[in-house]
Amino acid sequence: MGELPLDINIQEPRWDQRTFLGRARHFFTVTDPRNLLLSGAQLEASRNIVQNYRAGIVTPGLTEDQLWRAKYVYDSAFHPDTGEKVVLIGRMSAQVPMNMTITGCMLIFYRKTPTVVFWQWLNQSFNAVVNYSNRSGDAPITVRQLGMAYVSATTGAVATALGLKSLTKHLPPLVGRFVPFAAVAAANCINIPLMRQRELQVGIPVTNEQGQRLGHSVAAAKKGIFQVVISRICMAIPAMAIPPVIMDTLEKKDFLKRRPWLGAPLQMGLVGFCLVFATPLCCALFPQRSSIHVSRLEPELRAQIQEQNPSIEVVYYNKGL
């Protein structure tokens, strides 16, 4: 076997991102929880392989499959724009185990106000870490801005959950089971824009098809954040809508009445099963490298691009996750 050629494009995912199937295969790999078990040395080894290959240096004996594996390990742990290592629970590979635990507990402990407050607070704290870790662009955000965004987002989520809980007191029990989902959906509309407010202030990088940076756009940031909000809400639907219906039916059966201790682990398992599929499939709803027409950009940036590159009609940006 000869040396691996240098024309493999590892700047892009292995599968065609123009199709939903290609994006789904990509995100099934990115969100694989087994990536969390990799050691720091394995992550660094993968980073070295990827960076060396991009610099034109091929690790001796490296195969194409090993290169792609290294690329996905690298992508699972390092931010695509800043290159920083993402905190463990902020990685997309942590989505399934973390959300399985938190969502399961939100669905189990939805009746009492103290537990509603605690689990909604914990969920939004986790979401704040994920939203910050997977933000688009490399613009810095101050500790003060981060703190204000976190407090606003968590307060909004808890207030939404408590407000909905009070409204459903006199409704059938099944309706009450959907309060956590409604609160999470509303909170995503608050949390994500707040944790990524810096992007709405200064914009995110936009590039040409070859990846050359052309400027920063707030319009692209708004579109990217909107796409992420939709993806996150859709991601929550199966895990927070299907288990309550199943559990409401099962809890009326003699089997669970005689074994009430089975209810919590059964619900947790149902949530986990839904998330294993919902997480990558909903991440795949929109391309990670999204596009926006030049005509929809800010007038100053549009004029700058048209002056320097009049043939460009579409620019690209990382929408975040």
- Query: Would you say the side chain of Lys253 lies within less than 4.5 Å of the side chain of Thr249, judging by non-hydrogen atoms?
  - Reply: yes
- For Gln42, does its backbone N or O pair with a side-chain atom of Ser39 as donor and acceptor, under 3.5 Å? yes
- Note on the structure: Here the pair of heavy atoms bringing Ala220 nearest to Val206 is CB-CG1, 3.9 Å
- Query: Is the backbone N or O of Ser311 less than 3.5 Å from a side-chain atom of Asn309, with the two atoms forming a donor-acceptor pair by type?
  - Reply: no
- Message: With clusters defined by side-chain heavy atoms of hydrophobic residues (ILVMFWY) lying less than 4.5 Å apart, directly or transitively, does Leu36 cluster with Val73?
- Response: no
- Looking only at non-hydrogen atoms, find the nearest pair between Gly215 and Leu301 and report the distance. CA-CD1, 4.0 Å
- Query: Is there a side-chain contact between Ser93 and Val30, using heavy atoms and a 4.5 Å cut-off?
  - Reply: no
- Of all heavy-atom pairs between Thr115 and Lys112, which one has the smallest distance, and what is that distance? OG1-O, 2.8 Å
- Message: Within the 4.5 Å heavy-atom criterion, are Asn35 and Leu38 side-chain neighbours or not?
- Response: yes
- Report yes if some heavy atom in the side chain of Phe109 is under 4.5 Å from a heavy atom in the side chain of Val116; otherwise report no. no
- Where does the angle between the aromatic ring planes of Tyr74 and Phe78 fall among parallel (under 30°), tilted (30 to 60°) and perpendicular (over 60°)? parallel
- Message: Is there a side-chain contact between Pro5 and Val58 in this structure, where contact means two heavy atoms from C-beta onward sitting under 4.5 Å apart?
- Response: no
- Query: Would Val314 and Ile312 show up in the same hydrophobic cluster when neighbours are defined by side-chain heavy atoms closer than 4.5 Å?
  - Reply: no
- Message: I need the Cys105 SG to Leu122 CG distance, nearest 0.5 Å.
- Response: 8.5 Å
- Query: Do Trp68 and Ile8 come close enough that some side-chain heavy atom pair is under 4.5 Å?
  - Reply: yes
- Is the number of heavy atoms from other residues, nucleotides or ligands under 6.0 Å of Gln210 CD greater than 12? yes
- Message: Does Glu44 have more than 12 heavy atoms from other residues, nucleotides or ligands lying within 6.0 Å of its CD?
- Response: yes
- Task: Using modelled atom types only, decide if a donor and an acceptor are shared between the side chain of Tyr317 and the backbone of Lys223 within a distance under 3.5 Å.
- Result: no
- Query: Parallel, tilted or perpendicular: which fits the ring planes of Phe28 and Phe277, with parallel below 30° and perpendicular above 60°?
  - Reply: perpendicular
- Message: Looking at Asn99 and Thr103, would you say the former's side chain and the latter's main chain have a donor-acceptor pair under 3.5 Å?
- Response: no
- Message: Main chain of Ala219, side chain of Arg296: is a donor-acceptor contact present, judged purely on distance under 3.5 Å?
- Response: no
- Task: Indicate the atoms forming the closest heavy-atom contact of Val276 with Pro280, along with that distance.
- Result: O-CD, 3.2 Å
- Task: Could you go through the side-chain contact (heavy atoms from CB on, under 4.5 Å) check for Glu300 and Gln304 one step at a time?
- Result: CA-CA 6 Å; Glu300 300 83 2; Gln304 178 187 319; over 6 Å; no
- Separation between OG1 (Thr31) and CE (Met235), nearest 0.5 Å, reads 8.5 Å
- Message: Please evaluate residues Leu214 and Val315 with respect to the criterion side-chain contact (heavy atoms from CB on, under 4.5 Å), reporting the C-alpha separation (whole Å), side-chain torsions for both, the decisive distance (0.1 Å), and the verdict.
- Response: CA-CA 8 Å; Leu214 302 172; Val315 295; 3.6 Å; yes
- Message: I'd like to know if the side chain of Asn52 reaches the main chain of Asn48, judged simply by a donor and an acceptor atom lying under 3.5 Å from each other, with no hydrogens or angles considered.
- Response: yes
- Which distance, rounded to the nearest 0.5 Å, do you find between the SG of Cys282 and the CG of Leu275? 9.5 Å
- Candidate list Lys71, Arg289, Arg23, Arg18, test salt bridge (charged side-chain N to carboxylate O under 4.0 Å, His left out), partner Glu12, passing option: Arg289
- Task: Check the hydrophobic clustering (I, L, V, M, F, W, Y; side-chain heavy atoms under 4.5 Å; chains of links allowed) and say if Val294 and Ile292 are grouped together.
- Result: yes
- Message: Quick check against the 3.5 Å criterion: does Glu298 have a side-chain atom that pairs as donor or acceptor with the backbone of Val218?
- Response: yes
- Task: Answer yes or no: does atom CD of Gln66 have more than 12 heavy-atom neighbours from other residues, nucleotides or ligands under 6.0 Å?
- Result: yes
- Message: On a heavy-atom basis, which atom in Val96 and which in Gly272 lie closest, and how many Å separate them?
- Response: CG1-O, 4.4 Å
- With the 4.5 Å side-chain cut-off for hydrophobic clustering, are Met100 and Ile108 part of the same group? yes
- Message: So Phe286 and Ile230, do their side chains get closer than 4.5 Å, heavy atoms only?
- Response: yes
- Would you find a donor on one side and an acceptor on the other, under 3.5 Å apart, between the side chain of Thr101 and the backbone of Pro97? yes
- Are Val87 and Phe126 connected in the hydrophobic side-chain network, where two residues link if heavy atoms are under 4.5 Å apart? yes
- Message: Does Thr19 form a side-chain contact (heavy atoms from CB on, under 4.5 Å) with Asp16? I'd like the steps, not just the answer.
- Response: CA-CA 6 Å; Thr19 68; Asp16 186 357; 3.9 Å; yes
- Task: For the pair Lys85 and His79, evaluate side-chain contact (heavy atoms from CB on, under 4.5 Å) and give the outcome as yes or no after the intermediate values.
- Result: CA-CA 6 Å; Lys85 185 183 288 187; His79 192 277; over 6 Å; no
- Side-chain (Tyr72) to main-chain (Arg14) donor-acceptor, under 3.5 angstrom: yes
- Item | Nearest non-hydrogen partners of Val271 and Pro243, listed with the distance | CG2-CG, 4.0 Å
- Item | Distance (rounded to the nearest 0.5 Å) between Gln17 CD and Gln288 CD | 8.5 Å
- Item | CG on Leu62 to CD1 on Ile57, rounded to 0.5 Å | 12.5 Å
- Query: What distance do Asp75 atom CG and Ile10 atom CD1 have between them, rounded to the nearest 0.5 Å?
  - Reply: 8.5 Å
- Item | Aromatic ring proximity Trp15/Phe20, centre distance under 6.0 Å | no
- Backbone of Met92 reached by a side-chain donor or acceptor of Gln95 within 3.5 Å: no
